[in-house]
There are 2 protein chains.
Amino acid sequence: MEFIAEIDIMPHKELLDPQGKAVLSGLQKMDLSMVQDVRVGKHISLKLQAADEAQAKDLVEQACKKLLANAIMEGYTIHIKAI
Amino acid sequence: MEFIAEIDIMPHKELLDPQGKAVLSGLQKMDLSMVQDVRVGKHISLKLQAADEAQAKDLVEQACKKLLANAIMEGYTIHIKAI
């Protein structure tokens with residue numbers, strides 16, 4: 001079966017996010033001062049083959065741990081759907 | 001009311017995504033050859049104040065068009081929830 005995994009990789013809440021702060025300051029200078037906080041991370045979309053959803057989730061977890069996310073600075077959330 | 005907007009900004013499907021190709025080649029060298037395709041984009045989380053969900057959505061659309069996304073190369077999807 002084929003699956004699409006949508007992964008959000010975001011900096012931990014406790015850490016300063018300089019890219020988010022820069023975007024926030026940009027938005028506030030552009031008449032969008034209702035925006036109070038911005039955090040910027042990565043979105044990764046993986047297409048993969050696996051026997052079932054549990055195996056797909058396991059593969060994506062491995063990919064996140066080994067390559068995609070830096071656990072010291074980032075957390076990730078995974079959503080998997082069959083296609 | 002306060003809202004959180006989760007925005008995914010991804011390169012258009014028609015375009016080559018060199019960052020995605022690099023990640024794909026990395027994963028395939030790491031016993032994760034079941035992964036067939038990778039696309040890498042940005043995930044932005046905005047906290048904002050607005051009168052209602054329609055106004056929040058409108059503000060986030062403006063932010064995407066004016067600053068966050070490059071419409072020539074990227075498309076975006078927005079999910080808004082009240083907090």
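Proteins come first, then strands; the chains are lettered A, B, ... in the order of their sequence lines, and each starts at number 1.
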Check whether more than 12 heavy atoms from other residues, nucleotides or ligands sit under 6.0 Å from atom [atom1] of [X], and answer yes or no.
X     : atom1 : answer
A:E2  : CD    : yes
B:I72 : CD1   : no
B:M73 : CE    : no

Between A:A50, A:G41, A:A56, the one whose heavy-atom pairs under 4.5 Å with chain B are most numerous:
A:G41
With chain B, the option among A:I7, A:I44, A:D8, A:V40 that has the most non-hydrogen atom pairs under 4.5 Å is A:D8
If you group Ile, Leu, Val, Met, Phe, Trp and Tyr by side-chain heavy-atom gaps below 4.5 Å, do [X] and [Y] land in one group?
X     : Y     : answer
A:L24 : B:I9  : yes
A:I78 : B:M30 : yes
B:I4  : A:V23 : no

Where on [X] is there a heavy atom nearer than 4.5 Å to chain B: the side chain, the backbone, both, or neither?
X     : value
A:A63 : both
A:L68 : side chain
A:E6  : neither

Please examine the side chains of [Y] and [X], heavy atoms only from C-beta on, and report whether any two atoms are closer than 4.5 Å.
X     : Y     : result
B:L67 : A:L27 : yes
B:Q49 : A:Q36 : yes
B:H43 : A:M10 : yes
A:R39 : B:K47 : no
A:Q62 : B:L32 : yes

Any idea which heavy atoms bring B:L48 and A:V35 closest together, and the distance?
CB-CA, 3.9 Å
